[in-house]
Enquirer: 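What follows is a single structure, and I will ask about it in a moment.
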Amino acid sequence: MRLARKRLLSWYRANKRAMPWRETRDPYAIWISEAMLQQTRVETVIPYWERFLSRFPDVHALATADLDDVLGAWAGLGYYSRARNLQAAARVIDQDHGGKLPDDAETLQTLPGIGRYTAGAVASIAFDRPEPVLDGNVKRVLARLLGIRKDIGQSATLERLWEEAGALARGPHPGDLNQALMELGATVCTPRAPRCESCPVSQFCDAWAKGDAESLPIKARKKAARKVEAVTALVVRRGKALAVRRPSRGLLGGLWDLPGGDLVAGETPRAGLTRALRERAGLEISRASALPSQYVDGSRSARRLRGSQMARPSRNLLPAPRQPDRQSTRPAHLADRPILELTGR
DNA sequence: AAGTCGGGGAT
DNA sequence: ATCCCAGACTT
């Protein structure tokens, strides 16, 4: 594997993509990138990372910020517990670690939101520690390279993969080696149609020799997602719409949202709306009607309104239906405003 | 070991 | 439609 290691490193130096966090050695900045990159593509993260770093340039700035400002900077990225954990960890670092990130994986992993992967990533990339990473890319690369033909969802297989990743991490430039594995998985050793002819380690690859790279790694099929029906109300008074804060746990935790909720089995939308408004906003509906279809259709974020009904409608206060802004990369999450100003006539 | 948690791109 | 993405956390 020593030969493969050298090939991976030289391939990485020649082929790595430009990423802004690859221009810094600041452990804080690298940590933020790793938190944002969890289950999130590089291209999506880049603009968020730039904005986040200019708004919260160091641990102390993040530790002392308002949570709503942090959630606002995160709005649109998804998995919002990451933002909550990020600030919680920043406060621990600020108070218990002198504002400096711990430089070892074991201590890093004690912080909220930092698991085995992120601890290894920060330790190796920011602190040159010989710690492995095992993300979706590395699982795929190693399963193919080593011909691991067992379900990678099983804990025994996962442990084997961590073991192999650990063996590769030991040696010079562990951070670059780890990034080389991930970069290879993202650009060459892809889930479908892998570019094996461009792979620097194909000659060592078991799956390449057997010709079954695309069938690896093996993972159990996911169960179909359960379907839920939900209602959302647009409660308008004096040109403003009512927003409520969602519970800090669960879906879109801690974000502002229009009042509403999931229907229980057998419940009509109208009954569910009445119940949701009473529970979530302490309101009793006197009058409600369905929103016009052009208002609830047409964009991903607006789909949350589909099937909804409007409490206490007032045509004079409703804005003209707006075309969804397809240029915007930031969905209309209501991160930091309890009351929405309605624009339009 | 299985569920939950987002949003978006690729196929 | 389905899979996947530089995963972490709860149950």
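Naming convention: chains lettered A, B, ... in sequence-line order (proteins, then strands); numbering from 1 in each chain.
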Enquirer: Please report the closest heavy-atom contact between A63(A) and R91(A), naming both atoms and the distance.
Expert: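 Looking at all heavy atoms of both residues, the shortest contact is O-NE, 2.7 Å.
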Enquirer: Would you say R140(A) reaches dC5(C)'s phosphate, i.e. side-chain N/O to OP1/OP2 under 4.0 Å?
Expert: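 For dC5(C), OP1 or OP2 has a side-chain N or O of R140(A) closer than 4.0 Å.
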Enquirer: Consider only side-chain N and O atoms of Y117(A) and Q38(A), and report whether a donor and an acceptor are under 3.5 Å apart.
Expert: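 Q38(A) and Y117(A) do not have a side-chain donor-acceptor pair below 3.5 Å.
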Enquirer: Of R41(A) and G250(A), whose closest DNA chain B nucleotide lies nearer the 5' terminus?
Expert: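 On the 5' side of the pair lies G250(A).
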Enquirer: Measuring to OP1 and OP2 of dG7(C), would you say a side-chain N or O of Q39(A) lies under 4.0 angstrom away?
Expert: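 Checking Q39(A) against dG7(C): at least one side-chain N or O falls below 4.0 Å of OP1 or OP2.
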Enquirer: Considering every strand and a 4.0 Å limit on heavy-atom distances, what is the contact class for T118(A): base, sugar-phosphate, or nothing?
Expert: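 Sugar-phosphate contact only - T118(A) comes under 4.0 Å of backbone atoms but never of a base.
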Enquirer: Would you kindly give the CG-to-P distance between N178(A) and dG7(C), to the nearest whole Å?
Expert: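 So the CG-P distance, N178(A) to dG7(C), works out to 13 Å.
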Enquirer: N85(A) side chain: which of dA6(C), dC9(C), dA10(B) is closest?
Expert: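 Nearest listed nucleotide: dC9(C).
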Enquirer: Would you mind classifying the nucleic acid contact of T40(A) as base, sugar-phosphate or nothing, using non-hydrogen atoms under 4.0 angstrom?
Expert: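 Result for T40(A) = base.
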Enquirer: May I have the distance from Q38(A) (atom CD) to dG7(C) (atom C1'), rounded to whole angstrom?
Expert: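 Roughly 5 Å, once rounded to whole Å.
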Enquirer: Provide, to the nearest angstrom, the distance between the CZ atom belonging to R221(A) and the P atom belonging to dA1(C).
Expert: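 Spelled out: CZ on R221(A) to P on dA1(C) is 14 Å.
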Enquirer: By nearest atom, which of the nucleotides dG7(C), dC5(B), dA1(B) is closest to the L251(A) side chain?
Expert: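 Nearest to the side-chain atoms of L251(A), counting from C-beta on, is dC5(B).
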Enquirer: Would you tell me if any nitrogen or oxygen in the side chain of R82(A) comes within less than 4.0 Å of OP1 or OP2 on dC9(C)?
Expert: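 No, R82(A) has no side-chain N/O under 4.0 Å of OP1/OP2 on dC9(C).
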Enquirer: To the nearest Å, how far apart are W31(A) CH2 and dG7(C) P?
Expert: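 Checked: the CH2 to P distance equals 17 Å.
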Enquirer: Among dG6(B), dA6(C), dT11(B), which nucleotide has an atom closest to any side-chain atom of R192(A)?
Expert: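 The answer is dT11(B), which lies nearest to the side chain.
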Enquirer: Within the supplied structure, the quantity of interest is the number of heavy atoms (other residues, nucleotides, ligands) at a distance under 6.0 Å from E229(A) CD; does it exceed 12?
Expert: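 Incorrect, the count does not exceed 12.
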Enquirer: Could you check how far CG of L71(A) sits from C1' of dG6(B), rounded to whole Å?
Expert: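 After rounding, the reported distance stands at 14 Å.
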Enquirer: Starting at the 5' end of DNA chain C and moving along, which residue's nearest nucleotide shows up first, R17(A) or G113(A)?
Expert: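 In this pair, the answer is R17(A).
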Enquirer: Between K223(A) and Y79(A), who's closer to the 5' end of DNA chain B by nearest nucleotide?
Expert: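 Result: K223(A).
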Enquirer: Would you mind telling me which of dG7(B), dC4(C), dG7(C) lies closest to the side-chain atoms of Y80(A)?
Expert: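 For the Y80(A) side chain, the nearest candidate turns out to be dG7(B).
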Enquirer: For K139(A), report the nucleic acid contact type (base, sugar-phosphate, nothing); a contact means any heavy atom under 4.0 Å.
Expert: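 Since no nucleic acid heavy atom lies under 4.0 Å of K139(A), the category is nothing.
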Enquirer: Nearest-nucleotide wise, let me know which of K222(A) and G115(A) is further upstream toward the 5' end of DNA chain C.
Expert: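 On the 5' side of the pair lies K222(A).
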Enquirer: Let me know the distance between NZ of K219(A) and P of dA2(B), rounded to the nearest Å.
Expert: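 About 14 Å, once rounded to whole Å.
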Enquirer: Tell me which one of H173(A), E183(A), Q179(A) satisfies side chain to side chain donor-acceptor pair (under 3.5 Å) with Y12(A).
Expert: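 Testing each of H173(A), E183(A), Q179(A) against Y12(A), the sole residue satisfying side chain to side chain donor-acceptor pair (under 3.5 Å) is Q179(A).
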Enquirer: To the nearest Å, give me how far apart CD (E43(A)) and C1' (dC5(C)) are.
Expert: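 Spelled out: CD on E43(A) to C1' on dC5(C) is 9 Å.
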Enquirer: Determine, for Y48(A) and R51(A), whether the Lys NZ or Arg CZ falls below 6.0 Å from the six-membered ring centre while staying within 45 degrees of the axis.
Expert: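 Positive - R51(A) is close enough to the ring of Y48(A) and near enough to its axis.
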Enquirer: Taking only the P atom of each, what is the distance from dA8(C) to dG8(B) in whole angstrom?
Expert: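 Here dA8(C) and dG8(B) have their P atoms 22 Å from each other.
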Enquirer: Answer with yes or no whether Y117(A) presents, from its side chain, a donor or acceptor under 3.5 Å of a partner atom in the base of dG7(C).
Expert: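 No, the side chain and the base share no sub-3.5 Å donor-acceptor pair.
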Enquirer: I'd like the C1' distance from dG3(B) over to dA6(C), given in whole Å.
Expert: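 Roughly 22 Å separates the two C1' atoms.
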Enquirer: OP1, OP2 of dC5(B) versus side-chain N and O of S81(A): anything below 4.0 Å?
Expert: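 No, outside the criterion.
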Enquirer: Should the pair R116(A) and W162(A) be classed as cation-pi, given the thresholds of under 6.0 Å to the six-membered ring centre and 45° from the axis?
Expert: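 Verdict for W162(A): a cation-pi partner in R116(A).
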Enquirer: To the nearest Å, how far apart are E214(A) CD and dC3(C) P?
Expert: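 In whole Å, dC3(C) P and E214(A) CD are 14 Å from each other.
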